[in-house]
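Remarks on the structure that follows.
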Amino acid sequence: MKTWKNKWKKLCIAVLSTSFILGGSGALVSDVQANSSNGTARNSVTVYLAGDSTVSNYESHLAPRAGWGQVFDEMFDDKIIVKNEAVSGRSSKSFIDEGRLAPILDQIEKGDYLFIQFGHNDEKIEDPTRYTEPYTTYKSHLKQYIDGAREKGAIPVLITPVERRRFTAEGLARDSHGEYPEAMKELGLEENVPVIDLTAKSKALFNELGPEGTKKVFLWLDPGVNPNYPNGVQDNTHFQEEGAKQIARLVIEGIDESKLYLRNHLAENLLESR
């Protein structure tokens with residue numbers, strides 16, 4: 001019976017997620033209304049980012065390592081303020097347990113956004129301080145972000161985890177996050193929350209670039225190229241700055257597809273490319 005129910009859930013997600021995730025639900029109406037008062041747009045909107053090392057900021061001594069959240073503010077005009085609260089090594093569980101969600105919810109206001117991307121560290125079954133099970137504790141922790149944002153009149157947006165750089169022998173990008181992306185999409189449907197499927201978008205990009213091309217996205221440097229990495233580095237999880245910008249543009253693509261209010265305030269260079 002449990003197996004049949006799981007198959008039925010996945011079938012429902014496959015049928016419904018395209019419409020909802022790409023903005024086919026009623027989320028658009030509430031999104032726009034939350035960002036206006038009596039028909040007058042707010043002067044500014046703040047986007048809070050909660051996530052892990054693939055999203056977080058990095059100090060200059062680690063350059064060119066960068067999370068996509070580090071360059072996200074470059075994607076918008078001056079009406080959008082980005083506050084990147086993502087922290088390296090955190091899961092949906094440990095981020096809450098360490099008291100990192102609470103300050104966000106203290107500050108967030110009506111019409112602001114909370115973007116939520118976790119999964120990389122939720123998968124670490126050997127670490128009970130971070131591990132969550134996809135269809136139970138992962139979803140229940142993510143729901144705390146959703147509920148907290150909504151209580152303040154803010155708009156939560158779920159983002160499935162960006163793929164790692166993993167390829168088959170034939171040069172095809174591999175899935176690296178198991179059931180976590182599907183569990184997040186399922187939660188999005190259950191809670192009527194916009195979902196940006198960054199897992200699928202990044203996998204498509206990596207397939208396009210191939211094993212060699214993706215080295216320019218991830219933190220792959222030869223010895224002697226950068227003084228911060230004198231011995232070189234081969235990192236298949238984290239990005240260098242230009243790669244972080246490519247991933248951030250995928251998130252923007254999801255914002256546009258989901259018809260979120262933020263699409264009205266893209267940076268001029270992004271508007272020209274649409």
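The structure presented is a predicted model; accordingly, all values stated were derived computationally and were not measured.
In this structure a side-chain-to-backbone donor-acceptor pair under 3.5 Å is present from Asn228 to Ser60. Judged purely by atom type and a 3.5 angstrom limit, Thr160 has no side-chain atom pairing as donor or acceptor with the backbone of Pro181. Under a 3.5 Å cut-off, the side chain of Glu133 and the backbone N or O of Tyr135 do form a donor-acceptor pair. Judged purely by atom type and a 3.5 angstrom limit, Asn236 has no side-chain atom pairing as donor or acceptor with the backbone of Arg164. A side-chain donor-acceptor contact under 3.5 Å links His120 to the backbone of Val162. One N or O on the side chain of Ser202 and one on the backbone of Glu163 form a donor-acceptor pair closer than 3.5 Å. No donor-acceptor distance shorter than 3.5 angstrom exists from the side chain of Lys201 to the backbone of Leu250, with no hydrogens or angles considered.
Thr132 and Asp122 are linked by a side-chain donor-acceptor pair at a separation below 3.5 angstrom, with hydrogens and angles left out of the test. Judged by distance alone, the side chains of Thr214 and Arg165 do bring a donor and an acceptor atom under 3.5 Å apart.
Both Tyr138 and Leu101 are members of a single hydrophobic cluster when ILVMFWY side chains are connected at heavy-atom separations under 4.5 Å. A continuous path of ILVMFWY side-chain contacts below 4.5 Å connects Tyr131 to Ile96, so both sit in one hydrophobic cluster. In the hydrophobic cluster analysis, where Ile, Leu, Val, Met, Phe, Trp and Tyr join through side-chain heavy atoms closer than 4.5 angstrom, Leu219 is grouped apart from Phe167.
Aromatic rings of Phe239 and Tyr58 (six-membered ring for Trp) have centroids beyond the 6.0 Å cut-off, not under it.
Between His265 and Tyr261, the ring planes lie tilted relative to each other; the angle falls in the 30° to 60° range. Between Phe95 and Tyr145, the ring planes lie tilted relative to each other; the angle falls in the 30° to 60° range.
Thr168 approaches Arg174 most closely through the heavy-atom pair CG2-CG, 3.3 Å. Between Ser258 and Val195 the shortest heavy-atom distance is OG-O, 4.4 Å.
For the side chain to side chain contact (heavy atoms under 4.5 Å, CB included) test with Leu262, the passing option among Ile252, Asp256, Val47 is Val47; the others fail.
Considering only heavy atoms from C-beta on, Lys139 comes within 4.5 Å of Glu190 through its side chain.
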